[in-house]
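In what follows, chains are A, B, ... by sequence order, proteins preceding strands, each numbered from 1. Just the heavy atoms: all of them, side chains too, but no hydrogens, waters or symmetry mates, feed the values below.
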2 protein chains.
Amino acid sequence: MRNDTKGKEAKAGSKREALVRATIQLVNNSGFHATPMSKIAKLAEVSPGTIYLYFENKQDLINQVYIEVKTAFSAFAFKDYDASLPVAEGFRKIWYNIAAFKLQEVEEAMFLSQCDNTPMMDEPSRQEGLKHLRPLLDLWERGQAEQLIRQVSPFMLYAFSIYPIAFLMNVQQRGLYTITQEHIDHAYTMAWNSIKL
Amino acid sequence: MRNDTKGKEAKAGSKREALVRATIQLVNNSGFHATPMSKIAKLAEVSPGTIYLYFENKQDLINQVYIEVKTAFSAFAFKDYDASLPVAEGFRKIWYNIAAFKLQEVEEAMFLSQCDNTPMMDEPSRQEGLKHLRPLLDLWERGQAEQLIRQVSPFMLYAFSIYPIAFLMNVQQRGLYTITQEHIDHAYTMAWNSIKL
DNA sequence: TACAACAGAATGAACGTTCATTCAGTTCGT
DNA sequence: ACGAACTGAATGAACGTTCATTCTGTTGTA
């Protein structure tokens, strides 16, 4: 009768899922305030009114999508990571994970990048999203204690080792540049050189 | 109609100038699509209709402001720079200039950062703004020829040495972090370490 | 008087959100 | 087993508001 392609889980969440996907896609192409709810509804093949069954309003929609994507990002970033790894190896693992996320899950990564660089997100949600980075901060602290990593603020470490990946993803997405595995390896070296002692 | 070669520019241009300033300030706080023309007019102490004497429409307003700010940025970035300088010294000069711009002219820098990270700017204007970086690209090329700088794409060099500054400016602006001269010197070392051979 | 700069009200399109209604599926009395 | 009663997800037209842009009249100046 209905979509039997998946189990019962597909039924309850299907509309909401479609809305989340549509939101990510449209916000990427036009930005938050330039994408009307009507367009999101249309792309999700759902009536405008249905959005309000799952989300309080437009801001709540964005906030929920942001948290969801950020959570997926963190899961990806710390996959196979183990806090008992030596600092250099742990960082390498996390860095490559993040790079893989940004280059494979482009839609989600672009969405995060836009949320993090514009006033469309409210501060509480932004703070919420920041929490997920804890393991990386801990790793850095340990690296500093062991004299392997520069004694500078985590903001600085992030700015020079992680943030650049977002830029590369952006230019690649605009078609100005194509990133190969070799580029990624170079990028990793540059990232590590900037933060290592 | 504008650009009168007479000396009355201060008066003739005063409304336009006020509009440009107001646009920068409001777009920084709320983003492009969330700032109505009426608010821009109010902050500039001008009537909404008057905007259309100086700008074709909202998009044209943003484009013009973008180009103007980008031009100011470039002038700042290459102040006292001389292409005959040794590579390392030339890069240091430009890097410190850019850092100074981002930390002194916060409003303008934030505006650029937002334009460069969202779909609010159309591609032609973006290309136009990119041209101004030529001298830096030339410097990097020379550095690569002299085996001083890694053999990677300028995008990569930019991502790791310049782009991070924008991140630091952003967190400082959000009040999460305060940047001192010492931080800047550390940041410069990190930037240089990431791109040098 | 003539003309450009300007103000502010007016306009119409587009938006976020609501709500009366429909519809598919489940429950329950028989 | 069967259909009437019920449930809540889903719809989409409609509403009030906001916005970019235009229109009309006023002011200042030569």
Original post:
Expressed in angstrom and rounded to an integer, what is the separation of A:L53 atom CG from C:dC19 atom P?
Top reply: 13 Å
Write out a two-atom table: protein N or O, nucleotide N or O from nucleotides 10-14 of chain C, distance below 3.5 Å.
none

Original post:
For the pair made of NE2 in A:H33 and P in C:dG16, what is the distance, rounded to whole Å?
Top reply: 10 Å
**OP:** Report yes if at least one side-chain N or O of B:K15 is closer than 4.0 Å to OP1 or OP2 of C:dA4; otherwise report no.
**Re:** no
**OP:** Evaluate the ring planes of A:F78 and A:Y81, with Trp represented by its six-membered ring, and classify them as parallel (under 30°), tilted (30 to 60°) or perpendicular (over 60°).
**Re:** tilted
Subject >> Integer-rounded Å distance: D:dA20 P and B:K39 NZ >> reply: 10 Å
Pull out every protein N or O sitting under 3.5 Å from an N or O of nucleotides 21-27 of chain D, one pair per line with the distance.
| unit_1 | atom_1 | unit_2 | atom_2 | d |
| --- | --- | --- | --- | --- |
| D:dT21 | OP2 | B:Y52 | OH | 2.8 |
| D:dT21 | OP2 | B:K58 | N | 2.9 |
| D:dT21 | O5' | B:Y52 | OH | 3.4 |

Going by atom type alone, with no hydrogens or angles, which donor-acceptor pairs under 3.5 Å involve a side-chain atom of residues 38-45 of chain A and a protein atom two or more places apart or on another chain?
none

Original post:
Quick one: salt bridge (charged side-chain N to carboxylate O under 4.0 Å, His left out) partners of A:K70, sequence neighbours excluded?
Top reply: A:D116
Original post:
What pairs with B:E105 under salt bridge (charged side-chain N to carboxylate O under 4.0 Å, His left out), at least two apart in sequence or on another chain?
Top reply: none
**OP:** Check the distance between C:dG16's C1' and A:I51's CD1 and give it to me in whole angstrom.
**Re:** 10 Å
Subject >> Modelled atom types, side-chain donor and acceptor of A:T189 and A:H186, under 3.5 Å >> reply: no
Original post:
Roughly how many Å is it from CD1 in A:I40 to P in C:dT17, rounded to a whole number?
Top reply: 10 Å
Subject >> Listed partners of A:L103 passing side chain to side chain contact (heavy atoms under 4.5 Å, CB included), at least two apart >> reply: A:Q172, A:I179, A:I184
Subject >> B:T50 side-chain N/O to C:dA7 phosphate OP1/OP2 under 4.0 Å >> reply: yes
Cut-off 3.5 Å, no hydrogens considered: what does the side-chain donor-acceptor table look like for residues 95-102 of chain B, sequence neighbours left out?
| unit_1 | atom_1 | unit_2 | atom_2 | d |
| --- | --- | --- | --- | --- |
| B:W95 | NE1 | B:S161 | O | 2.9 |
| B:Y96 | OH | B:D185 | OD1 | 2.6 |
| B:N97 | ND2 | B:A77 | O | 2.9 |
| B:N97 | ND2 | B:K79 | O | 2.9 |

**OP:** Can you tell me which residue pairs pass the side-chain hydrogen bond (donor to acceptor under 3.5 Å, both in side chains) test with a partner in residues 145-158 of chain A, sequence neighbours excluded?
**Re:** none
Original post:
Quick one: salt bridge (charged side-chain N to carboxylate O under 4.0 Å, His left out) partners of B:E89, sequence neighbours excluded?
Top reply: none
Original post:
Rounded to whole angstroms, how far apart are NZ on B:K42 and P on D:dT18?
Top reply: 12 Å
